Amino acid sequence: MRSLFNKLLAIVGSFALLALPPMPAQAQNATAVISPEQLAKIHAGNDKCLACHSQAGVEHPPLAGMDLKKLRTLIRDADAFYASDHQRLSCTKCHNEGYDDFPHAADAKDNTTTCSDCHSKSAAIVDKQFANSVHAKNLSDKFTCTTCHNPHLMRLAAKLGDPQKIVAQDNRVCLGCHDSDEQFAKFAPEKKSRPLIDDIHSWLPNTRLHWKHVRCVECHTPAVAAGEPISHEIFNKEKAEKNCVTCHSANSALKTRLYRHLVKEEEHRLGFANSIILASSYMPGVTRHPLLDALILIAFGATFFGLLAHGLGRIIAHYIRRRKNHG
Amino acid sequence: MADREYLLSPWIRIWHWTNAVLIITLGVTGMSVHFADPNLPLVEFSLAVRIHNIAGVCLIVAYSFFVIGNIVTGNWWQFVPKPPGIMQRMIEQTRWYAYGMFVGEPHPHTPSKEQNFNVLQAVTYWNIMYLLMPVILVSGLVYLYPEFAPDTLFGFDGLLPVAMLHYLSATAILLFLLSHIYLGTTGKTIGQLFKMMITGWHEH
C-alpha cells in the first residue's frame, strides 16, 4: 500500500514551490474567485478535520479510541494552510473517499487525490525535468512531489513576492534534508553518509550568507531564459553552477530566477542598476550605479592621461633645456 | 651639508612597502569584484573575494602597526604642516609641479629629518592616512561582518551606504596611488625618491 501511495505521489507534479508554468484549467478553476459564503462553508468543513488534526485535537481528543501517537504525526497548522496555495481548498478536495467517518476507511489513503490530478499539464513538464534530476537517479522510488513541496504549506514564489520569504521557504526544503543527518538518512542509500553542507560549499565565499539571500536552486538547476520557470532538474555538485559572475554581474542570472517576478517592476531607483535586487541585497557586481562607475572611470582616465601628459611634458622640456644649454 | 642623509627608519620602509603591496592587491581584487563581468575577467570572482578578505585583514594589521609606530616614534609630527606660511608654501609647491620643474627650477623643498614631507605631501598624506584609511578599513570590516550593517535603509539593503563609502574611499586612495607613484619620479633623478624609500637615505 505504501508503495502504491508512493507511486501515486511520484507522478504528482507541481505544487510549484519553484514557480511553475501556468496552471492547467483544472488547477486554475480551483483557485478561481470564491464567494465569502463558499469560503466560509469550506472553512467550516475543514474545521471538522482540524478538530482532530490539530494540537488542540491531540490534547483534547474529540472522539474516543483515537491513536494519539499516530495523530500527533498528522497535525496540520490551520494558519499556515490558509496562507498556502491551497488555502481555498477543502481538505476533502484531496482527502476524499473514506475520510467522511471515523475511523477513516482502511484504503482512504490510496484514494487521496494526486498532484497531477489537478496539475496535469505542469506534471507532464516536471516529470521530464525530474527524470534528469540527481534526486531521480538513486531515489526515484522514495522521491515524490510532496517530498519537497508540502501541499499544506507551500506558496508560489510569485505570490510570496518578497525574495527573502521565497528564499526562506525554498531553502528550508533543501536544507531540511541536506543539513540534517536524520532526514538525509530517510532518503539516502544505505551506507551513504551525509556530506557536511559547509564542507562541500567551502569554495563558496560567505556560504551561509548566500543561503540567507539566494536559493540553493539558483545554482543547482539549469540556466533558464527570461520568463521561463525554474527547472525541476536538480543538479549535483559536479553540474551545479560554480561561475560566480553568472549571478555577480550587471546582467545577473538572478533576474531570470529569484527576482524574475519583480523584473517588470525595475525602475532603476536613484540610478542604480538592478534596484529590485538592491532593495533586499547589496550584491557586488550586480547592484552597481552605472553613472557613478562611469564618472569614476573618467576620473581614473583623466588622472592617468594627465600624469602621462605631465611626464611627456617633462621629457620634452628636459630635451629643450639640454639643447639650449649645449646650443 | 652632507651628500646624503638617513631619513627613513626601517619600520617606516617596511610598513610603506607592505602597505603598497596590500593596496595594489586590494585594488586589483576589489575592481575584479566590483566590475565583475563574464566578458571582463580580471581575477576570478571567488578567488578575488578570498584574496581581498585576507589582504584587507592584513591591511588592518599594517595600519595598526603604522599608527602605533607613529605614536611611539613621534613620526606623526611629520604629517602636520608647520606654520608659518603654509599657504604660501602650498602655492610654491603647486607652481613648481605645474611650471618650475619644466624649466629646471630647483625643488622648493629639501627633505630633512625635521621636515621630511613638503607641505602638499603632509596635507595629502594626513588626509589619506587619518581620514580615508579609517573609513575604508571600518567599512571593509562591516563588509566582512554584514550582520552589523542595518537591515534596510531608505528602501535599500542597509549594506549599501557601507559599500558606497568603501567604494568611494577606495577610488580616492587608488587615484592617490596613481599620482603618488608618478610624483615618486620627481626627485633629482627619476629613481632618487624610490631609492630613498628602499634604502632610507636621501641623496641631496
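Fair warning: this is a prediction, and the values are worked out from it, not measured in the lab. Quick note on labels: first sequence line is chain A, next is B, and so on, each numbered from 1.
One N or O on the side chain of B:Ser32 and one on the backbone of B:Val43 form a donor-acceptor pair closer than 3.5 Å.
Relative ring orientation between B:His180 and B:His16 is described as tilted, the plane-to-plane angle lying within the 30° to 60° band. A perpendicular orientation is assigned to the rings of B:Tyr182 and A:His310, their planes being inclined by more than 60° (bins at 30° and 60°). The aromatic rings of B:His107 and B:Tyr97 stand perpendicular to each other, their planes meeting at an angle above 60°, with 30° marking the opposite boundary.
The contact between B:Tyr143 and chain A is made entirely by side chain atoms (from C-beta outward), counting heavy-atom distances below 4.5 Å. Using a 4.5 Å cut-off between heavy atoms, B:Tyr167 touches chain A through its side chain atoms alone. For B:Leu168, the part lying under 4.5 angstrom from a heavy atom of chain A is the side chain only. Using a 4.5 Å cut-off between heavy atoms, A:Asn243 does not touch chain B at all. For B:Val103, the part sitting under 4.5 Å from any heavy atom of chain A is the backbone (N, CA, C, O) and nothing else. Heavy atoms of B:Thr185 lying under 4.5 Å from chain A belong to its backbone as well as its side chain. If you measure heavy-atom distances from A:Thr287 to chain B, you find no contacts under 4.5 Å at all. When heavy atoms are compared at a cutoff of 4.5 Å, B:Val33 approaches chain A by way of both its backbone and its side chain. Contact of B:Glu147 with chain A is not made at all, since no heavy-atom distance falls under 4.5 Å.
Cation-pi geometry between B:Lys82 and B:Trp77 is satisfied (NZ or CZ under 6.0 Å from the ring centre, within 45° of the ring normal). With B:Phe102 as the aromatic partner, A:Arg314 does not meet the cation-pi criteria of under 6.0 angstrom to the ring centre and within 45 degrees of the ring axis.
Contacts with chain B were tallied for A:Asn251, A:Ile320, A:Ile296; A:Ile296 has the most, counting heavy-atom pairs under 4.5 Å. With chain B as the partner, the residue from A:Leu209, A:Leu292, A:Val286, A:Ile277 showing the most heavy-atom pairs under 4.5 Å is A:Leu292. In terms of non-hydrogen atom pairs under 4.5 Å with chain A, the most contact-rich of B:Phe156, B:Phe45, B:Phe154, B:Phe35 is B:Phe156. Residue with the most contacts toward chain B among A:Leu278, A:Val245, A:Ile316: A:Leu278 (heavy-atom pairs, distance under 4.5 Å).
A side-chain contact (heavy atoms from CB on, under 4.5 Å) with A:Glu233 holds for exactly one of A:Lys128, A:His220, A:His135, A:Lys239; it is A:Lys239.
By the 4.5 Å heavy-atom criterion applied to side chains, B:His109 and B:Gln93 are counted as neighbours. Under the 4.5 Å side-chain criterion, counting only non-hydrogen atoms from C-beta, B:Ser179 is in contact with A:Thr303.
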